Engineer: 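Got a structure here, written out as structure tokens. Questions coming.
Heads up: numbering here begins at 1 and tracks the sequence. Everything numeric here is computed off the predicted structure, so don't read it as measured data.
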Amino acid sequence: MESIIAARQNPGGPSSADKFLELLQDPFQSAFQERAFWASLGTSLGVTLGLALLFSLFRPRNSVVYAPKLKHADRKHAPPPLGKGMFAWITPIIKTREDEILDKVGMDATVFLRFTRMCRNIFLILSLIGCAIMIPINVTGSDNFTKGLSAFTTMTPMYVSNPKVLWGHVACAWGIDAIVAYFLWHNYRAMGRLRKRYFLSTEFQQSLHARTVMVTHIPKEYRTDEGLLRLTDEVNPTASIPRASIGRNVKELPALIDEHERVVRELEEILAKYFKNPDRLPAKRPTCRPIKDFRGENTPEKVDAIDYYTVRIRTLEAEIRYVRESIDKRNAMSYGFASWESIEHAHMAAYAARKKHPHGTNITLATRPNDIIWANLALSKAELRRKRFMNIVWSTILTVIWIAPNAMIAIFLADLAHLGLVWDAFQRSLARNPKVWSAVQGIASPAITSLVYLVLPIIFRRLAIRSGKATKSARERHVLHSLYAFFVFNNLIVFSVFSAIWSFVATVIREADRKKDAWEAISAGAFYVNVMTALCKVSPFWVTWLLQRNLGAAVDLMQLINMIWTFIARRWFSPTPRRAIEWTAPPPFDYASYFNYFLFYSTIAFCFASLQPIVLPVTALYFGVDSWLKKYLLLYVFITKTESGGRFWRAVFNRMIFALILANFILGLVIKAKGSWTMVFALVPLPILLVGFKLYCKSSFDDELLYYHRAIVSDPESSADGKTGKKAAERLSSRFGHPALYKPLTTPMVHAKAADALEKLFQGRQGMNSGAGDYSDIAMHRMSATEPGKASQPQDAPFEVVADHQLDFSYFKDRPDFREEFGGGIYGRPDDLITERSHTPKSFLAGHGSPSSSRPASPAPSQRSMTFNGPHGRFPNISDHPAFQSTDSNASGFYKQSNESERNLLYNPQGLPVRSSTDVASLDSRWQAEGSMAYSRYRSPSPYEPYRSR
């Protein structure tokens with residue numbers, strides 16, 4: 001390195017390209033490393049303490065941000081009350097025990113906190129081994145050459161000259177594996193106790209999914225309710241007969257509903273910007289470009305955005321109603337569900353079917369309906385194989401492409417002195433301000449490295465959906481798998497040993513040019529020494545990087561990113577009422593990302609324990625701080641969007657085993673570089689024992705964690721006739737149904753301050769010749785002053801007005817459009833309770849004779865004839881179906897709280913009549929003849945044509 005700097009001062013020295021190539025061979029040698037560590041330690045502890053004090057100061061004054069669950073959760077799920085004192089938040093997180101946490105935050109959050117505490121305890125014990133045994137071994141075993149080197153260098157085995165001291169590292173490796181294995185085994189057993197409590201909880205005992213199995217890849221000849229019963233009967237060890245429901249083809253309904261949701265949000269954004277100052281409206285109305293299918297021959301390039309999106313919403317709602325009307329029982333899908341009266345019977349059947357595949361089907365326990373990715377349930381096995389292969393291809397491409405940028409980060413970002421070697425101006429600044437740039441390296445470099453990977457979870461989440469994952473919880477576990485593999489390969493292996501591999505290859509090529517044979521060239525490359533040296537040199541970077549994680553934990557506690565973004569959006573943008581309401585809701589917790597981070601930190605600590613033992617207390621410090629901070633966040637701030645019941649544990653356990661095995665391989669490389677093969681052979685049993693330990697835990701605990709009951713009932717004759725009471729039959733008739741069949745459509749929200757201006761705008765449109773009847777049926781009514789969120793009278797109107805005091809999630813937490821996104825289970829009405837799922841489709845369009853609903857019947861079709869105006873005149877009456885009937889005969893009004901779909905669609909779907917193909921064809925012909933064109937996807941003449949002249 002000194003020769004490179006001297007060459008810089010010599011005009012005839014090496015060129016920038018030569019310096020760059022030398023940096024590739026030795027990127028982590030700098031005097032900045034030790035100063036960067038102390039700068040990182042000081043800023044990490046200081047800023048973390050400062051942010052914690054700021055949090056303690058602001059928390060009592062801002063409960064919307066720092067304790068939203070206290071306000072929104074029901075009594076059972078509400079966290080312990082918090083006092084107004086500055087440090088009152090510390091006492092509840094100390095006193096709240098695990099059993100209480102399970103009732104308050106759910107199984108997934110409890111597993112996450114238990115894993116965090118386990119890592120804290122592991123690294124506290126390993127820190128004693130590292131500081132009391134491993135550091136003295138490395139220091140005392142080194143020669144006198146280390147006297148002038150930094151403390152970071154002397155703590156590594158890089159200069160160990162006495163091979164016998166490395167037996168201490170071998171013994172420590174056995175001890176570390178034994179300690180970690182004990183903690184994993186202990187917590188695996190504790191998981192069984194937690195799962196038993198979870199199985200006995202009210203939510204699980206009264207849930208529909210707990211007594212339901214999901215059957216996929218059903219052959220065509222079995223795609224009926226009766227065929228589904230025959231399939232389950234082949235694996236059913238009980239005498240109890242389940243209720244079966246085959247899946248239905250929902251056609252393009254999900255895409256239409258998603259498009260409707262997107263158009264509604266776009267209209268809300270346009271209205272929020274246009275009516276930001278209702279007293280001073282912009283001179284020009286907002287415009288937009290209509291989509292191709294919504295464009296006529298004479299449609300201009302840009303059209304009035306408010307009119308355009310209003311018409312699109314109405315057209316989409318009409319098409320959604322029509323498609324829902326046309327779905328019948330004849331078009332069954334390759335998946336279905338079977339529900340038993342008791343949870344024991346369902347789990348016994350799933351346990352008996354775990355290794356059986358009757359007629360090529362897969363029979364597994366069902367998850368919550370909101371956990372299912374319905375679009376992937378109907379995929380065939382061939383499609384799943386193709387999608388999974390393409391997912392592997394894209395993940396591999398992403399990983400390989402990132403190698404080059406990652407190498408540049410390893411060379412320049414990890415050590416700013418290297419950037420000065422190829423950039424003269426920066427070198428001069430570096431020489432003038434060495435302490436400043438040391439602090440920048442210790443603070444900014446790890447932070448920038450972390451920011452690069454914020455987008456990775458989004459990419460892997462989309463790839464997981466495309467790979468065919470059937471549930472959101474399985475998708476999140478797949479995201480954890482992909483993230484961990486990417487981080488370990490690119491961030492750890494490539495980042496840490498890239499220089500060693502480059503130096504080894506360069507040496508081999510140089511020796512080969514000297515006419516040496518391949519084996520002599522490879523031997524001259526000194527692969528093991530190069531790898532060990534590179535790992536020792538990069539270890540200070542990982543120490544400073546882990547120190548910065550404490551700062552990240554404090555930033556999470558302060559919710560700085562959310563607060564800054566919300567402040568900027570409220571001050572300089574025009575947020576919609578829906579967005580303002582969502583900002584006050586408890587945010588969902590990203591389990592995949594946080595589990596991945598914690599696993600990655602643990603892997604770094606295991607791998608560098610012998611190379612840089614100081615990494616162990618640094619990791620223990622991080623987990624010690626974050627185990628308390630994350631406990632507060634999960635109790636008072638974050639919610640679990642989709643509860644998996646603790647299914648993350650196996651994925652976490654397997655990766656901890658992998659991290660230990662990887663650490664043993666790295667220690668083997670180090671020992672081979674400085675010791676003998678005998679020492680390496682002493683490590684060989686460790687990976688084998690760890691694999692055996694994993695198999696033991698799998699066979700001993702996994703079935704207990706997954707199944708509520710596995711044994712056959714002792715008295716099968718008690719339910720041999722398969723009969724149940726009427727009440728139980730009505731409960732079991734609540735089937736899993738695609739949410740597109742009954743999901744309420746979203747109503748555009750507008751702010752109350754814009755109500756007058758919006759009302760005048762539409763009143764002005766009524767007097768125009770073009771499309772004058774489009775809004776003639778809209779009556780102008782205010783929101784009720786006595787019932788927040790309610791209109792002054794029953795309504796069936798296109799907009800929902802929200803006042804200032806109602807821009808809070810507490811007014812909307814029972815609404816389906818908000819509950820699904822923000823964890824509806826903690827607000828007092830779990831979506832999966834069988835006693836409250838009577839609105840769920842049972843066997844959609846199952847025909848006459850199916851079990852009746854416990855709800856009162858809908859009004860007869862003749863009681864209401866629903867029509868509404870569109871750009872081609874009045875749409876036909878498609879609401880002669882009982883599912884589309886309203887109990888309100890005076891539905892009118894401009895503003896409303898709940899939309900038409902929420903009140904009417906599929907109110908009592910069990911009694912829907914079956915339409916023949918002739919009826920459907922007749923209905924389709926009638927629609928097209930009357931000019932709605934909803935089912936034909938907006939073909940010309942353009943639906944927007946009546947507004948072209950406005």
Engineer: For Phe598 and Tyr601, take the angle between the two ring planes, folded into 0 to 90°, and tell me which bin it lands in: parallel under 30, tilted 30 to 60, perpendicular over 60.
Structural biologist: tilted
Engineer: Taking the side chain as every heavy atom from C-beta outward, state whether Ile313 and His260 have any atom pair closer than 4.5 Å.
Structural biologist: yes
Engineer: Is it true that, when you exclude Lys302 itself, more than 12 heavy atoms of the residues, nucleotides or ligands shown sit nearer than 6.0 Å to its NZ?
Structural biologist: no
Engineer: Are more than 12 heavy atoms from other residues, nucleotides or ligands located less than 6.0 Å from atom NZ of Lys273?
Structural biologist: no
Engineer: With a 3.5 Å cut-off and sequence neighbours excluded, list the donor-acceptor pairs that the side chains of residues 563-572 form with protein atoms.
Structural biologist:
residue	atom	partner	partner atom	Å
Thr566	OG1	Asn562	O	2.7

Engineer: Given side chain to side chain contact (heavy atoms under 4.5 Å, CB included), test Thr642 with Glu476 step by step and report yes or no.
Structural biologist: CA-CA 10 Å; Thr642 305; Glu476 293 303 300; over 6 Å; no
Engineer: When you compare the side chain of Asp556 with that of Lys630, does any pair of heavy atoms fall below 4.5 Å?
Structural biologist: yes
Engineer: Take the angle between the ring planes of Trp402 and Phe486 and call it parallel below 30°, perpendicular above 60°, tilted in between.
Structural biologist: tilted
Engineer: For atom CZ of Arg262, decide whether the heavy atoms of other residues, nucleotides or ligands shown that lie under 6.0 angstrom number more than 12.
Structural biologist: yes
Engineer: Can you list every ring-ring contact (aromatic ring centres under 6.0 Å, His included) pair that touches residues 49-71, not counting sequence neighbours?
Structural biologist: Phe55-Tyr66, Phe55-Trp89, Phe55-Tyr632
Engineer: Would a 4.5 Å heavy-atom cut-off, applied to side chains only, mark Asp808 and His72 as touching?
Structural biologist: yes
Engineer: For Asp590, check salt bridge (charged side-chain N to carboxylate O under 4.0 Å, His left out) against everything at least two apart and list the hits.
Structural biologist: Arg461
Engineer: For Phe600, which of Tyr594, Tyr622, Trp545 qualifies under ring-ring contact (aromatic ring centres under 6.0 Å, His included)?
Structural biologist: Trp545
Engineer: Got Leu807 and Pro577 here, is their nearest side-chain heavy-atom distance under 4.5 Å?
Structural biologist: yes
